[in-house]
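None of these values were measured; they are calculated from a predicted model.
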Amino acid sequence: MPKSLPLSALGIMLFCNVAWALNVVVSKIAVSTLGLPPLFYTVLRSAMVLAVLFPLLLRGRPARLPLVMLIGFAVTGGSFGLQFIGLQTATPSAVGIVNLAGAPLTVLFAVIFLGEEVRWRRRLGMALALGGVGLAIGAPSEAGDPVGLGFAFAGVLIGAFASVFVKRLEVGAVSLQAWAGLASLFVMLPATLLFETGQIAAVEGAPIAVAACVLFAGLVVSVGAHSAYFRLFQAHDANLIVPLTLLTPLLTIAFGTWLTGDTIGWSLIVGGGLAIIGVAIIVIRPSRNIFKPLLVRPRL
């Protein structure tokens, strides 16, 4: 393995971080400004992913397909659906910081279910990360409605739990996206029909803007950025790639301030800083059981 990344790989990671950060802001615009029901937005995003990756489903069923679809749904439709609900009232900047809780929660679940060994450095990282996230979301006047942040955290919790078991699946990361898209449609389409209203009116109110949000989330982020991200792991050491994803919350805060007018106070700054330091400690430590591409945040 090379000891440093070439400029081409750094450029790809910059693209991925920008896409992931903008995706939080775009999702906020979709479910808040455009008024798309959050579960319906999850359906549209999953449908776009499935439309592009459908040929992968024709290559054959993976082993333990029900488990693949269950885990795939949890790290995509289930996790993102809850985050989209949260983004109706929470700020993108705060949600970006809440997403940093994924790393310590993933390690915690790996300890409980997979026997992951955690020494004092990663324990310190977990404490800093969770403490920083708690401090950031403890200032609702800056971060938005605490209920919305609770939904966002629930999405991170579900995604972190499921991502612990991804390494046990006999399916490629990109193929998992296709099966996850199918599973998300199976669950979220009935859910939006049962629990939400106004789907057609929201689309008719701003069809071009809605299409742009869905294309960006489904095509640019889920297919483009995620696929590029996973391909880097085929050529480079995970310890060189994963720490670079810590740029995402910083860019999310910047884009949130610029595009949606987020208020950034000291609680968000200090809490976010502590969380980033904690996650950095976690991701540079070796792990036997965790699929490192999903350590910082479920990225399917």
Side-chain angles (χ1 to χ4, degrees), residues 5 7 9-34 41 45 80 83-84 86-103 128-129 131-146 148-149 152-153 155-156 159 209 212-213 215-217 219-222 224-226 228-229 232 241-283 295-299:
L5 290 175
L7 288 177
L10 290 174
I12 292 172
M13 281 305 303
L14 178 60
F15 159 72
C16 291
N17 279 287
V18 170
W20 292 327
L22 277 175
N23 189 45
V24 181
V25 178
V26 169
S27 298
K28 169 68 174 181
I29 293 172
V31 300
S32 182
T33 304
L34 300 180
Y41 183 56
R45 175 191 173 279
F80 291 150
Q83 292 223 340
F84 295 156
L87 278 168
Q88 288 182 302
T89 55
T91 67
S93 300
V95 171
I97 294 173
V98 168
N99 283 334
L100 289 169
L128 286 174
V133 169
L135 178 61
I137 66 179
S141 61
E142 301 170 0
D145 182 11
L149 291 172
F153 183 81
V156 174
C213 290
L215 285 171
F216 181 80
L219 189 59
V220 176
V221 177
S222 293
H226 294 344
Y229 176 67
L232 288 179
I241 301 295
V242 175
L244 295 178
T245 62
L246 294 175
L247 183 59
T248 297
L250 298 177
L251 289 174
T252 303
I253 292 173
F255 289 142
T257 303
W258 174 32
L259 297 174
T260 57
D262 294 0
T263 300
I264 308 300
W266 286 108
S267 295
L268 284 180
I269 293 174
V270 175
L274 288 175
I276 290 173
I277 293 172
V279 173
I281 294 172
I282 294 171
V283 300
L295 183 58
V296 176
R297 178 180 179 268
R299 299 195 179 280

**Student:** Which pair of heavy atoms, one from Ile276 and one from Leu246, lies closest together, and at what distance?
**Tutor:**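 Heavy atoms of Ile276 and Leu246 come nearest at O-CD1, 4.1 Å.
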
**Student:** Could you tell me whether the side chain of Val270 reaches within less than 4.5 Å of the side chain of Leu135, counting heavy atoms only?
**Tutor:** yes

**Student:** Please round to the nearest 0.5 Å and tell me the distance separating atom CG of Leu219 and atom CG of Leu215.
**Tutor:** 6.5 Å

**Student:** Once rounded to the nearest 0.5 Å, what's the spacing between atom CD of Gln88 and atom OG1 of Thr33?
**Tutor:** 11.5 Å

**Student:** Output yes when a side-chain donor or acceptor of Lys28 lies under 3.5 Å from a complementary backbone atom of Leu87, and no otherwise.
**Tutor:** yes

**Student:** So, taking the atom named CG in Leu244 and the one named SG in Cys16, what distance separates them when rounded to the nearest 0.5 Å?
**Tutor:** 10.0 Å

**Student:** Can you tell if the side chain of Ile253 reaches within under 4.5 Å of the side chain of Ile269, non-hydrogen atoms only?
**Tutor:** no

**Student:** Step by step, would you call Val133 with Val156 a side chain to side chain contact (heavy atoms under 4.5 Å, CB included)?
**Tutor:** CA-CA 12 Å; Val133 169; Val156 174; over 6 Å; no

**Student:** Evaluate side chain to side chain contact (heavy atoms under 4.5 Å, CB included) for Leu149 paired with Val98, printing each intermediate quantity in order.
**Tutor:** CA-CA 8 Å; Leu149 291 172; Val98 168; 4.2 Å; yes

**Student:** Looking at every heavy atom in both Pro249 and Thr245, which two are closest together, and how far apart are they?
**Tutor:** CD-O, 3.7 Å

**Student:** Begin with the C-alpha distance, continue with both residues' side-chain angles, and end with the deciding distance and a verdict on side chain to side chain contact (heavy atoms under 4.5 Å, CB included) for Leu22 and Leu259.
**Tutor:** CA-CA 10 Å; Leu22 277 175; Leu259 297 174; 3.9 Å; yes

**Student:** How far apart are the closest heavy atoms of Leu34 and Cys213, and which atoms are they?
**Tutor:** CD1-SG, 3.9 Å

**Student:** Using 0.5 Å steps for rounding, measure from the CG atom of Leu100 to the CD1 atom of Ile277.
**Tutor:** 11.5 Å

**Student:** Taking Thr248 for the side chain and Trp20 for the main chain, is one N or O donor matched with an acceptor at less than 3.5 Å?
**Tutor:**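 Looks like no, no N/O pair under 3.5 Å.
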
**Student:** Could you tell me which non-hydrogen atom of Asn99 sits nearest to which non-hydrogen atom of Gln83, and how far apart they are?
**Tutor:**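 Nearest pair, atom of Asn99 first, then Gln83: OD1-NE2, 2.5 Å.
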
**Student:** Are Ile264 and Ser93 packed together at the side-chain level, in the sense that at least one heavy-atom pair is separated by less than 4.5 angstrom?
**Tutor:**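 Yes - at least one pair of side-chain heavy atoms lies under 4.5 Å apart.
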
**Student:** State, yes or no, whether a side-chain contact exists between Val18 and Phe255 at a heavy-atom distance under 4.5 Å.
**Tutor:**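 Yes; the side chains approach each other to less than 4.5 Å.
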
**Student:** Evaluate the side-chain proximity of Leu128 to Val279: yes if any heavy-atom separation is below 4.5 Å, no if none is.
**Tutor:** no

**Student:** Quick check against the 3.5 Å criterion: does Asn17 have a side-chain atom that pairs as donor or acceptor with the backbone of Met13?
**Tutor:**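 A pair under 3.5 Å: yes.
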
**Student:** Can you name the nearest heavy-atom pair linking Val95 to Ala152, along with the distance?
**Tutor:**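 In this case the closest contact between Val95 and Ala152 is CG2-CB, 4.1 Å.
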
**Student:** Parallel, tilted or perpendicular: which fits the ring planes of Phe80 and Phe84, with parallel below 30° and perpendicular above 60°?
**Tutor:**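 Correct class here is parallel.
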
**Student:** Can you give me the closest heavy-atom contact between Pro92 and Thr252, atom names plus distance?
**Tutor:** O-CG2, 3.3 Å

